[in-house]
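Structure record follows, encoded as structure tokens.
Note that the coordinates shown come from a computational prediction; the quantities given were computed from them, not determined experimentally. Protein chains get the first letters and strands the later ones, always in sequence-line order, with residue 1 at the start of each.
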Amino acid sequence: MTESQSREVTFKVDGRSLRGRQGESLLEALRRYGYQVPSLCHHEAVSPYGACRLCLVEVQKGKRRKLTTSCNYPLMEGIEVFLDTEQVVSNRRVVLQLLLAQAPAAERVRQLAAEYGVNDTPFEVEDPENRCINCGLCARVCKEVVGVEAIGFSGRGAGKRMVAPYDETAEDCIGCGACVFVCPTDCIGMSETGGIRTIERWHRKLPLKTCSVCGRHFAPTFQLNKFAEWTGLPRGHFDKCPDCR
Amino acid sequence: MESKRLQEIVADHGKDPAQLLAILQDIQQEENYLPKETLKELARELGVPLARIYSLATFFSSFSLEPRGKHICTVCLGTACHVRGAPRLVDQVERDFAIKAGETTADRQLTLETVNCVGACALGPLVILDGEYHGNMNTAKLGRVLGSLKKE
């Protein structure tokens, strides 16, 4: 951590004076103090991306006051933050209408929208079955946390989609399921049957390893081989499940 | 593309992942498109995940993942060209060669592409055939320019 990031700063939220670290995510600072700010695309384990646009707040810095996403707004000395102002709420409603049109089948989007009184959308629905909001959280976790980068966006603009390369089997995928776990709208899908783990959206099927002690399936063999490669631990270390080690 | 040639291109760029875009341009320059097998090999060669290469290759409309024709006809559909009748030129090529924009003729002679402004608005409507710029285009002139292709 650099010195400027660790410096303590004072900021205000709806008139209340608070402290935080210079440069940290405003959204994370707000949540630490217990403020409820909705968001779908943010996770503290990865870099902020500002894709879902739900974490809107108003920030006053000097004379300028503007609407901004809080997840990728760096905290700084003397800013004044306003949550749930009329402008924030009305803009958030429009964002929810857009998300509803994009991913009408996403349960979490529908719930959030309902909380804001948004039950239908004036925008054109392209795919009534779609649940993906193109927030890219899966790819950020795959790259930044898992260190694999097996998936990514293809195309741009209206044609932008999160896919495995060529929308075929993601051959770099280790089947860890981190993307499935973080996906805010549950649109990736993972199943385990007959000793095979399937990550549905990336068309990845991997045989599972059986623990040499208790005999249960615990992780894909491909993943364990990668772990052995990355950690330099003897391969035998990964013959047993974490409970039996 | 042969492995040896790919390795040469990669070496020309110092085997630097930051040069990925330039490497893709060089591959397309020689192959006319970005072959899947070449990109997979490039991923191994550079130590860059295929997902990142695929993202980049699909982001820019100047890259093609499908084989393209021997000749490439690019019609500018930027605002200036558009108001001066560029859509009519697209219609003309689509009709004469029985392809849609973005497609290639069955005999792999011609690919029709559209772009949104090439920055030569004073010359509009503009058609680029195999890298050569033809300004102040109209259907008659386009017919003459493309006529030579039809005879081949």
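- The number of heavy-atom neighbours closer than 6.0 Å to CD of Glu126(A), taken from other residues, nucleotides and ligands shown, is 12 or below.
- The shortest non-hydrogen separation linking Ala51(B) to Gly152(A) is CB-N, 4.0 Å.
- The OG atom of Ser55(B) sits 9.0 Å away from atom NZ of Lys160(A), with the distance rounded to the nearest 0.5 Å.
- For Arg88(B), the CZ atom counts as loosely surrounded, since its 6.0 Å shell holds 12 or fewer non-hydrogen atoms of other residues, nucleotides or ligands.
- Top candidate by heavy-atom pairs under 4.5 Å with chain B, chosen from Ala139(A), Gly157(A), Pro165(A), is Pro165(A).
- More than 12 non-hydrogen atoms from other residues, nucleotides or ligands lie less than 6.0 angstrom from NZ of Lys141(B).
- Between Pro49(B) and Val148(A), the shortest heavy-atom distance links the atoms CG-O, 3.8 Å.
- Of all non-hydrogen atoms in Arg156(A) and Phe59(B), the two that sit nearest each other are NE-O, 2.6 Å.
- The part of Val163(A) that comes within reach of chain B is its side chain, from C-beta onward, which places non-hydrogen atoms under 4.5 angstrom from that chain.
- With a threshold of 4.5 angstrom between heavy atoms, Lys36(B) approaches chain A through its backbone and through its side chain.
- Around atom CZ of Phe123(A), more than 12 heavy atoms belonging to other residues, nucleotides or ligands sit under 6.0 Å away.
- In Gln111(A), the CD atom is crowded: over 12 heavy atoms of neighbouring residues, nucleotides or ligands sit closer than 6.0 Å.
- In terms of heavy atoms, Tyr166(A) sits closest to Leu39(B) at OH-CD1, 3.3 Å.
- Closest non-hydrogen pair, Leu50(B) versus Asp172(A), comes out as N-OD2, 3.8 Å.
- Leu65(B) touches chain A through its side chain: at least one heavy atom from C-beta onward sits under 4.5 Å away, while N, CA, C and O do not.
- Atom CD of Glu107(A) sits in a crowded spot, with more than 12 heavy atoms from other residues, nucleotides or ligands closer than 6.0 Å.
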